[in-house]
Peer 1: 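I'd like to ask some things about the structure below.
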Number of protein chains: 2
Amino acid sequence: MNQATGAPGTARPGGRTARVREAVLRAAGDALADKGIGGVDLAEVARRAGVGKTTVYRRWGTVHGLVADMLAEMAESSLPRAATGALDGDLAALAALILKTLTDDRQGPLFKALIAAAASDPEAAAALHRFYRLRIDEWSPCVTDALARKEIPAGTDPAEVIRALSAPLYYRFLVSGDPLDPDTAKRAASATAAAARSGAYVV
Amino acid sequence: MNQATGAPGTARPGGRTARVREAVLRAAGDALADKGIGGVDLAEVARRAGVGKTTVYRRWGTVHGLVADMLAEMAESSLPRAATGALDGDLAALAALILKTLTDDRQGPLFKALIAAAASDPEAAAALHRFYRLRIDEWSPCVTDALARKEIPAGTDPAEVIRALSAPLYYRFLVSGDPLDPDTAKRAASATAAAARSGAYVV
DNA sequence: CTTCTAAAGGAACTTCAGTTCCGTTAATGT
DNA sequence: ACATTAACGGAACTGAAGTTCCTTTAGAAG
């Protein structure tokens, strides 16, 4: 009596289906990290995942589909935020974490590929935006705490502060190609904190 | 007695060669803007440029090669900077200009595609970084003027200020997907000016 | 104007990403 | 445990992106 009209993997998501998904997403992540979007061959991903290529084409269809699913998976996992007791410290900790991610040998290229994928595919873009919305929400409490401590003006938008902190790192990473080092991260943190104190992020 | 070892287009860069390059870069720009990297077929570009596809494959080889050449071409053109007499005004003018570019129906998607291309190809990345290095240098005088007027602390790095201004706009454009509106541009300008005044960009 | 050859162009060919077909395996409900 | 069928997997097929080969056009130099 099953309709089987949904996408493959929806009616029987357990057991083999889940194992296949895990193996394929892992292999796709490896491929993306080292060849970038455009260098990924779904048949190769299937082979490295130990899975039939028909399966990959049927369930994900395109590299963009894989990226969207991978971002959905990544959105599930959570990242513990810092709580140093001061806005500067919390922002510095987050900046350091972003720096570490973007300069990591695997994560850096992977994020670059995911963002590049989102640039040319609406579905991947939606998944990417959702991922970052969640990440930004996870870190906003740093700013809420600072508001509670009266470090920054009432009305300051927490999400805007987190975005302002992240932006310079991503800008160098994706656009200008300037070096990403601990100094850059520290500068991003102190500049954002200064701007926040001056009321630049009050909505 | 010619060696003919250089890339095609180097020995006889004038006349037909130049016309072909112009037509191909234009067609490639159109294709990138409306299909994004990955959706570009070089045979189609050749057809739309009214040029043999062999020519496109021989001179540029790949979409990435075309992107690199396009960025080299774009780096040639110059953009007039604002001079309102105050740092806030100059930065607001630049932010508005970036906003206009990124939200433009043709330029927005084109820049997205160019940046995505740079994410997976070293040659395109080098061309992109060169392009932005030039753009940042063109706008740095805004900050130098502010330094001369003692609006901001001595030792402030002009390029860093321009990057800090650009970053939030590009971050929304490429990463978070948050709306790009005049308010965002104004906030970027005032936040950057405030951070600069506080000495956050002193090297 | 003539020569030389760099660069463009056309068409056939090759290769491989992506599809289709159909048989096999195993997840779910009773 | 059994039946049902969702989902997987192997292999042959297809089409178009990209290559090769050779001919034609036209830019640069004398």
Side-chain angles (χ1 to χ4, degrees), chain A residues 1-28 31-32 35-69 113 117 120-121 123, chain B residues 1-28 31-32 35-69 113 117 120-121 123:
Chain A
M1 198 78 56
N2 282 345
Q3 279 290 78
T5 41
T10 48
R12 290 179 182 177
R16 180 167 64 167
T17 299
R19 281 195 303 278
V20 164
R21 180 177 180 229
E22 193 179 1
V24 169
L25 289 186
R26 171 167 214 85
L32 279 168
K35 314 224 179 182
I37 181 107
V40 176
D41 170 20
L42 293 197
E44 165 90 3
V45 167
R47 202 182 53 68
R48 288 222 274 173
V51 153
K53 78 166 178 169
T54 314
T55 299
V56 175
Y57 279 106
R58 187 170 27 221
R59 279 187 65 179
W60 292 279
T62 64
V63 178
H64 289 129
L66 259 173
V67 166
D69 197 29
S120 63
D121 180 73
E123 204 185 333
Chain B
M1 199 77 57
N2 281 345
Q3 279 290 76
T5 40
T10 49
R12 290 179 180 175
R16 181 168 60 166
T17 300
R19 284 196 301 280
V20 164
R21 179 175 181 231
E22 194 179 0
V24 169
L25 289 187
R26 173 169 212 84
L32 278 169
K35 312 220 181 185
I37 182 106
V40 177
D41 170 18
L42 293 196
E44 165 90 3
V45 168
R47 201 182 54 69
R48 287 222 274 173
V51 153
K53 78 168 177 167
T54 314
T55 299
V56 175
Y57 279 107
R58 186 168 31 222
R59 281 187 65 180
W60 292 279
T62 63
V63 178
H64 288 129
L66 260 172
V67 167
D69 197 31
S120 63
D121 180 72
E123 204 184 332

Peer 1: Charged N to carboxylate O below 4.0 Å: is that the case for B:R19 and B:E22?
Peer 2: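 No.
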Peer 1: Pick the nucleotide of DNA chain D nearest each of B:G15 and B:T54; which residue has the one closer to the 5' end?
Peer 2: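 Closer to the 5' end of DNA chain D: B:T54.
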Peer 1: What side-chain donor-acceptor pairs closer than 3.5 Å can you find for residues 35-42 of chain A, not counting sequence neighbours?
Peer 2:
unit_1, atom_1, unit_2, atom_2, d
A:D41, OD1, A:A43, N, 3.1

Peer 1: Side chain of B:T55 only, please: which of D:dA7, C:dA8, C:dA27 is the nearest?
Peer 2: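 Nearest listed nucleotide: C:dA8.
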Peer 1: Look at the side chain of A:R58 and the base of D:dG9, then say whether one donor and one acceptor between them are separated by less than 3.5 Å.
Peer 2: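 Yes.
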Peer 1: Is any side-chain N or O of B:R59 under 3.5 Å from a base N or O of C:dA8, one able to act as donor and the other as acceptor?
Peer 2: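 Side chain to base: no pair below 3.5 Å.
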Peer 1: In whole Å, I'd like the distance from the CG atom of B:D41 to the P atom of D:dT19.
Peer 2: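 So the CG-P distance, B:D41 to D:dT19, works out to 12 Å.
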Peer 1: Considering non-hydrogen atoms only, spot the tightest contact between B:V56 and B:A46 and give its length.
Peer 2: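 The answer is CG2-CB, 3.6 Å.
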Peer 1: Could you give the OH-to-P distance, from A:Y57 to C:dC21, as a whole number of Å?
Peer 2: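 The answer, rounded to whole Å, is 17 Å.
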Peer 1: Answer with yes or no whether A:K53 presents, from its side chain, a donor or acceptor under 3.5 Å of a partner atom in the base of C:dG18.
Peer 2: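 When only heavy-atom distances are counted, A:K53 does reach the base of C:dG18 through a donor-acceptor pair under 3.5 Å.
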Peer 1: Report the end-to-end axis angle of the helix from C:dC1-D:dG30 to C:dT30-D:dA1; each axis comes from five terminal pairs, and the value is rounded to 10°.
Peer 2: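 Both end axes considered, the difference amounts to 60°.
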Peer 1: What are the two closest non-hydrogen atoms of B:A27 and B:V45, and how far apart are they?
Peer 2: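 The pair with the smallest heavy-atom distance is CB-O, 3.7 Å.
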Peer 1: Can you measure B:E44 atom CD to D:dG15 atom P for me and round it to whole angstrom units?
Peer 2: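 Whole-Å distance recorded here is 19 Å.
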Peer 1: Could you give me the CA-CA distance, side-chain angles and deciding distance for A:D121 and A:V67, then say whether side-chain contact (heavy atoms from CB on, under 4.5 Å) is met?
Peer 2: CA-CA 10 Å; A:D121 180 73; A:V67 166; over 6 Å; no
Peer 1: Charged N to carboxylate O below 4.0 Å: is that the case for B:D69 and B:R59?
Peer 2: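 No, no charged N to carboxylate O under 4.0 Å.
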Peer 1: Tell me whether the side-chain N or O atoms of B:T17 pair up with the base of D:dG27 as donor and acceptor below 3.5 Å, since no angle test is needed here.
Peer 2: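 Answer is no: no donor-acceptor pair is held.
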Peer 1: To the nearest Å, give me how far apart CZ (A:R16) and C1' (D:dA7) are.
Peer 2: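 In whole Å, D:dA7 C1' and A:R16 CZ are 6 Å from each other.
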Peer 1: I'd like to know whether CD of A:E123 has more than 12 heavy-atom contacts from other residues, nucleotides or ligands below 6.0 angstrom.
Peer 2: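 No, because the 6.0 Å sphere around CD of A:E123 holds 12 heavy atoms or fewer from other groups.
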Peer 1: With sugar-phosphate meaning primed atoms plus P, OP1 and OP2, does A:R47 contact a base, only sugar-phosphate, or nothing at under 4.0 Å between heavy atoms?
Peer 2: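 A:R47: no heavy atom of the nucleic acid under 4.0 Å.
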Peer 1: Within the 4.0 Å heavy-atom criterion, would you say B:R21 contacts the bases, only the backbone, or no part of the nucleic acid?
Peer 2: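 If one applies the 4.0 Å heavy-atom cut-off, B:R21 turns out to touch nothing in the nucleic acid.
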Peer 1: From CH2 of A:W60 over to P of C:dT19, roughly how many Å is that when rounded to an integer?
Peer 2: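 The distance from CH2 of A:W60 to P of C:dT19 comes to 15 Å, rounded to the nearest Å.
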